Amino acid sequence: MSGSPVERAGSTRFIFFFIVLINLSFLSLSIEARSSGQHASFPPRGWNSYDSFCWTISEAEFLQSAEIVSKRLLPHGYQYVVVDYLWYRKKVEGAFVDSLGFDVIDEWGRLHPDPTRWPSSKGGKGFTEVAEKVHRMGLKFGIHVMGGISTQAYNANTLVMDSVKGGAYEESGRQWRAKDIGIKEKACAWMSHGFMSVNTKLGAGKAFLRSLYRQYAEWGVDFIKHDCVFGTDFNIEEITFVSEVLKELDRPVLYSISPGTSVTPTLAKEVSHLVNMYRITGDDWDIWKDVVSHFDISRDLSASSMIGALGLQGKSWPDLDMLPLGWLTDQGSNIGPHRACKLNLEEQKTQMTLWSIAKSPLMFGGDVRNLDDATYNLITNPTLLEINHYSSNNKEFQYFTARRVSRNNHTSYPHHPTGNNISTKHAFGLTSCKEPKANTWSIVDKNRGQICWNQYSTEKQEKPFCLYNRKVPLASEEETKHNQLFQGKVHLQTNYKAESCLGASSKQKLTSKDYSRGALSPCKLDANQMWELHSNGTLENSYSGLCAVLNPVKAEASSNGVRSWIATGRRGEVYIAFFNLNEVKTTVTAKISDIATALRGKKNLEGASCKSHELWSGKDFGPTKDSVSIQVESHGPALFVLHCSQA
């Protein structure tokens with residue numbers, strides 16, 4: 001219940017000084033990060049151009065945005081400004097996200113900024129002048145890059161540069177070219193006309209990648225977002241080699257990978273030590289279902305101790321993706337910012353609260369030139385930023401009581417960990433081959449090439465899900481190449497006489513609410529359609545190296561749509577957040593004793609008297625030894641800051 005006027009006045013003074021301390025912390029943030037000797041000591045913060053400009057941003061627009069970030073957001077720890085993808089694409093008629101032939105490349109097949117949009121890049125200077133201007137603003141400069149080599153460079157068969165010795169790369173008495181290293185059968189699934197994987201087993205393949213990242217460093221790049229190499233586009237060989245190249249540089253470059261479709265804790269553990277940020281969902285847009293989709297994977301990564309784990313020359317952070325707030329564009333658009341965020345204010349607060357308490361990197365995506373007060377106050381909220389950088393023991397909290405509020409009735413229910421929210425339906429998906437659940441495929445009928453998944457049929461006596469391998473009729477030259485590339489691998493179909501083959505990764509870029517289900521398309525020489533059944537029961541895809549599974553499909557919405565997270569602060573405070581995913585107002589209550597149990601070792605909570613401040617309502621509560629409780633708006637959050645002491 002609310003305290004007395006005297007208590008409220010005392011609490012108000014405490015909150016005031018607490019906020020002052022937070023702001024002082026952020027002013028000294030860069031000094032503390034440098035003195036720690038670690039790279040990415042805290043979840044990185046910054047601004048990325050994608051949500052507001054897609055691929056169309058110009059040098060003038062970028063530098064204008066960077067200037068605003070420097071003045072308004074840098075004091076709050078937002079220090080990176082990042083040009084997202086296709087900065088090398090000419091903005092002319094016919095050019096779009098997956099077009100071919102509109103990119104600017106040099107004689108070595110390396111991409112350069114479009115000089116029309118980025119005039120300072122003329123004369124082969126790349127982003128050098130832009131980076132220098134960004135650095136003079138006190139910011140750090142980042143770019144987005146795609147995995148592998150561009151299709152345009154492959155078709156031009158450009159020479160591979162030897163950035164160590166200079167000139168063309170030579171081995172075995174010859175010079176190597178793009179067609180020697182590019183694997184056109186492993187084109188990026190969602191940008192198949194744009195990029196393909198590089199053979200990192202070849203010295204020339206490694207030389208090409210090294211020449212790329214050394215050039216980025218020469219330009220003054222501080223942050224690299226490496227796309228189409230993670231999630232269902234997994235390419236551990238390229239991630240590993242790029243990480244090694246970045247270690248060789250004379251200054252640290254923050255390394256981020258994406259996208260994050262179908263990421264699991266097992267997959268995260270394979271890359272976390274190689275990078276500083278890794279996406280854990282598909283693209284996040286201003287859709288409520290996209291926001292909700294982050295709760296389960298955030299919980300799983302926290303439970304697996306992945307938040308702030310060992311990373312490249314420092315730490316690594318699970319990345320919930322950019323914050324699509326404020327003034328935005330649309331996915332895949334050819335135009336810049338032209339519309340407002342579709343999330344209502346409660347939904348925006350839920351997103352920012354979850355991103356902060358899950359310690360995700362905070363990369364704002366809206367147009368900073370048109371930054372409204374509500375959005376600015378949200379992304380610079382001192383309590384959320386304090387939690388995002390300095391809290392610990394961050395985890396989902398599962399013991400609370402929720403009561404839906406309506407005009408006609410109040411329905412109460414306790415929330416406890418349960419597995420009852422899963423339907424009996426299952427969908428085809430991908431996971432790390434190291435997951436135990438991947439080892440459940442077997443050959444049922446050799447004559448028909450029938451391969452079946454047995455896990456759920458064993459448990460529930462259901463008819464097993466089966467696939468059939470098929471040797472696609474190919475011309476002799478194609479068949480020879482097929483056998484060279486995919487020896488021992490097969491096309492799979494959903495029935496014995498099907499005309500289409502099963503591909504693993506989606507041909508479209510997925511958003512957070514989506515997950516890869518596989519897709520049928522005409523059979524062709526494509527790594528995405530090639531599979532290999534191993535003796536341990538795993539069915540591995542040749543494109544991503546991930547293995548096929550059947551995943552339970554979650555119900556569209558559970559009956560108890562409330563989630564909660566807890567964390568501890570650096571000054572002894574305790575944070576507890578409630579998230580009401582319901583369509584109606586809900587009263588949520590948590591006992592102090594349950595919070596103490598969840599935060600093992602937090603002895604000052606046991607039998608303690610707690611005062612609290614709720615961030616979004618601005619209300620003060622306590623003192624109490626029993627519980628914290630509040631009515632939470634539909635799709636909204638509540639965030640308590642508890643200060644407890646022994647009586």
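Predicted model, so just to flag it, every value in this text is computed and none were measured.
A donor-acceptor contact closer than 3.5 angstrom is absent between the side chains of Thr232 and Thr261. Tyr543 and Asp233 form a side-chain donor-acceptor contact under 3.5 Å, judged by distance and modelled atom types alone. In this structure, a donor-acceptor pair under 3.5 Å is absent between the side chains of Asp290 and Ser293. One side chain, Asp227 or His144, offers a donor N or O that lies under 3.5 Å from an acceptor on the other. Asn439 and Thr538 are not linked by any side-chain donor-acceptor pair at a separation below 3.5 angstrom, with hydrogens and angles left out of the test.
Between Tyr50 and Trp285, the gap from one ring centroid to the other is short of 6.0 Å. Side-chain rings of Phe42 and Tyr390 approach one another, their centers coming within less than 6.0 Å. If you look at Trp87 and Phe127, their ring centroids are closer than 6.0 Å.
Taking the charged nitrogens against the carboxylate oxygens, Lys349 and Glu346 do have a contact shorter than 4.0 Å, which makes a salt bridge. A salt bridge between Glu67 and Lys133 is absent, with no side-chain N of the basic residue lying under 4.0 Å from a carboxylate O of the acidic one. With salt bridges taken as basic N to acidic carboxylate O contacts below 4.0 Å, one links Arg570 and Glu386.
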Just do the side-chain hydrogen bond (donor to acceptor under 3.5 Å, both in side chains) check on Thr266 and Glu435 with the steps written out, would you? CA-CA 7 Å; Thr266 300; Glu435 294 273 7; 3.0 Å; yes

Before you tell me yes or no, could you show the steps for Gln351 and Asp284 under side-chain hydrogen bond (donor to acceptor under 3.5 Å, both in side chains), namely the whole-Å CA-CA distance, both residues' side-chain angles and the distance that decides it to 0.1 Å? CA-CA 11 Å; Gln351 180 166 32; Asp284 177 73; 2.7 Å; yes

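Taking the six-membered ring where tryptophan is involved, the planes of Trp219 and Tyr216 are tilted, since the angle between them lies from 30° to 60°. The aromatic rings of His294 and Trp355 sit tilted relative to each other, their planes meeting at an angle between 30° and 60°.
Side-chain atoms of Val275 and Ile239, non-hydrogen and from C-beta on, do get closer than 4.5 Å to each other. Using a 4.5 Å heavy-atom threshold, the side chains of Ile143 and Val82 count as separate. A heavy-atom distance below 4.5 Å is not found between the side chains of Met277 and Ser316. Thr375 places none of its side-chain heavy atoms less than 4.5 Å from the side chain of Leu378. Residues Leu267 and Thr431 fail the side-chain proximity criterion, which asks for heavy atoms closer than 4.5 Å. Side-chain contact between Asp286 and Leu328 is present, with heavy atoms from C-beta onward closer than 4.5 Å. The side-chain heavy atoms of Phe400 and Ile576, taken from C-beta on, include no pair separated by under 4.5 Å. By the 4.5 Å heavy-atom criterion applied to side chains, Ile280 and Leu320 are counted as neighbours.
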Check residues 249-256 and write down every donor-acceptor pair under 3.5 Å in which the side-chain atom is one partner and the other belongs to a residue at least two apart or another chain.
unit_1	atom_1	unit_2	atom_2	d
Arg251	NH1	Val221	O	3.1
Arg251	NH1	Asp222	OD1	3.1
Arg251	NH2	Ala217	O	3.0
Arg251	NH2	Val221	O	2.9
Tyr255	OH	His226	ND1	2.8

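Glu238 and Asn235 make their closest contact through N-OD1, 3.1 Å (heavy atoms, listed as atom of the first residue, atom of the second, distance). Of all heavy-atom pairs between Glu396 and Ser564, the closest is CG-O, 3.1 Å. Nearest approach of Trp565 to Ser302, heavy atoms of both residues: CH2-CB, 3.7 Å. Between Leu86 and Trp55 the shortest heavy-atom distance is CB-CB, 3.6 Å.
Among the candidates Phe295, Phe397, Trp288, the single residue satisfying the ring-ring contact (aromatic ring centres under 6.0 Å, His included) test with Phe579 is Phe295. No option in Lys247, Glu244, His39 other than Lys247 meets the side-chain contact (heavy atoms from CB on, under 4.5 Å) test with Leu312.
Qualifying side chain to side chain donor-acceptor pair (under 3.5 Å) partners for Gln215, counting only residues two or more places apart in sequence or in other chains: Arg110, His112. For Arg369, the salt bridge (Lys or Arg N to Asp or Glu O under 4.0 Å) test picks out Asp367, with sequence neighbours left out. Looking at residues two or more places apart in sequence or on another chain, you find no salt bridge (Lys or Arg N to Asp or Glu O under 4.0 Å) involving Lys434. For Glu129, the salt bridge (Lys or Arg N to Asp or Glu O under 4.0 Å) partners at least two apart in sequence or on another chain are Lys125. Considering only residues two or more places apart in sequence or on other chains, Cys341 meets the disulfide bond (SG atoms under 2.5 Å apart) condition with none of them.
In this structure a side-chain-to-backbone donor-acceptor pair under 3.5 Å is missing from Lys186 to Asn199. In this structure a side-chain-to-backbone donor-acceptor pair under 3.5 Å is present from Asn388 to Ser360. Lys225 places no side-chain N or O within donor-acceptor distance of the main-chain N or O of Val83, the cut-off being under 3.5 Å.
Arg45 forms no cation-pi arrangement with Tyr80, by the criterion of a distance under 6.0 Å to the ring centre and an angle within 45° of the ring axis.
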